Structure formats: C-alpha cells, structure tokens
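Reading through the structure tokens given below for one structure.
Keep in mind that what you see is a predicted model, and the values were worked out from it rather than measured.
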Amino acid sequence: MQTITLIEPITVNGTIYDQLNIRRPKVRDRLAVERMKKSEAEKEIVMIANLAEVDAKVIEELDLADYAKIQGIFADFLEVTPPTSD
C-alpha cells in the first residue's frame, strides 16, 4: 500500500481528502473494470477508486497534478523488475 499526499485537498460529500492510500492491484481488479462498458479513462478512474477504496467521484474531483501522481504510482505497480544476476 502506498500513501499519496494530495497537493490540492478535496471535499466530497462532506469528507475532506488530503491523502489517499492506494493498494497494489490484483487480477480480479483488472477483470472487474474490463467487463465494464466504459471508456478507457473511465475504467482507469474506477480502477484507481477501487484501489484507494473510495467512490469514483473522489477520483473525478482530484486536481490533475494529483491524478497524474496517482497514475504514476499505478504504473509503477505494474512494472516488472527483472531479476539481477550476481
């Protein structure tokens, strides 16, 4: 799990969000969004919301700089580091 401190805190439904905790994605997370009939951007928002355990409306309200930071973390989760040979 990774904690992201937001550059621009937001308020959604009376709750203030100044940070989000994002867990690593699992295959079932990917399958859940792939079954949706939504655009790729909407699927990504739903996926990130699921990983952060917040409503998609929270992700939709983020400042673009904060969203870009989260996208970077999400991309890092998907990277495979090759084993090193000694």
Side-chain angles (χ1 to χ4, degrees):
M1 184 165 300
Q2 190 157 348
T3 300
I4 294 101
T5 300
L6 300 178
I7 298 165
E8 294 289 329
I10 58 170
T11 302
V12 176
N13 295 331
T15 301
I16 299 171
Y17 296 88
D18 59 358
Q19 64 182 22
L20 293 173
N21 296 311
I22 310 265
R23 67 173 172 78
R24 293 185 61 80
K26 297 190 180 285
V27 172
R28 69 174 173 256
D29 296 311
R30 177 69 182 254
L31 290 172
V33 297
E34 287 303 317
R35 292 180 184 123
M36 297 177 170
K37 294 183 184 198
K38 295 181 180 272
S39 71
E40 290 304 310
E42 290 170 315
K43 287 179 183 180
E44 182 180 78
I45 289 167
V46 169
M47 169 78 94
I48 291 171
N50 288 341
L51 299 178
E53 298 180 352
V54 297
D55 191 278
K57 290 177 183 170
V58 172
I59 305 304
E60 291 171 356
E61 288 300 318
L62 291 175
D63 182 88
L64 275 177
D66 286 319
Y67 187 67
K69 194 161 61 167
I70 291 170
Q71 284 178 309
I73 289 165
F74 180 66
D76 288 347
F77 284 155
L78 301 179
E79 281 188 20
V80 176
T81 306
T84 58
S85 57
D86 294 323

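The CD1 atom of I10 sits 4.5 Å away from the CG atom of L62 when rounded to the nearest 0.5 Å. The line from CG of D66 to OG1 of T5 is 9.5 Å long, rounded to the nearest 0.5 Å. Note that the NZ atom of K57 and the CG atom of N13 stand 6.5 Å from one another [nearest 0.5 Å]. Atom CG of D55 is separated from atom CG of N50 by 10.0 Å, given to the nearest 0.5 angstrom. To the nearest 0.5 Å, atom CG of residue L6 and atom CG of residue D18 are 7.0 Å apart. Here the straight-line distance linking atom CD of Q71 with atom CD of E44 works out to 4.5 Å at 0.5 Å rounding.
When all heavy atoms are compared, the tightest approach of P25 to L51 is CA-CD2, 3.6 Å.
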Test side chain to side chain contact (heavy atoms under 4.5 Å, CB included) on I7 and K69; report intermediate values, then the result. CA-CA 10 Å; I7 298 165; K69 194 161 61 167; 4.1 Å; yes
Show, in sequence, the C-alpha distance, side-chain angles and deciding distance for F77 and Q2, and conclude whether the side chain to side chain contact (heavy atoms under 4.5 Å, CB included) test is met. CA-CA 10 Å; F77 284 155; Q2 190 157 348; 4.2 Å; yes
Run the side chain to side chain contact (heavy atoms under 4.5 Å, CB included) test on M47 and D29 for me, step by step, so that the C-alpha distance in whole Å, both residues' side-chain angles and the decisive distance to 0.1 Å come before the verdict. CA-CA 7 Å; M47 169 78 94; D29 296 311; 3.6 Å; yes
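Counting heavy atoms from C-beta outward, I22 and F74 have side chains that stay 4.5 Å or more apart.
One finds a salt bridge joining E40 and K43 here, because a Lys/Arg side-chain nitrogen approaches an Asp/Glu carboxylate oxygen to under 4.0 Å.
The environment of CZ in R30 is sparse: at most 12 heavy-atom neighbours from other residues, nucleotides or ligands sit within 6.0 Å. In L64, the CG atom is not crowded: 12 or fewer heavy atoms of neighbouring residues, nucleotides or ligands sit closer than 6.0 Å.
R24 is linked by a salt bridge (charged side-chain N to carboxylate O under 4.0 Å, His left out) to nothing, counting only residues two or more places apart in sequence or in another chain.
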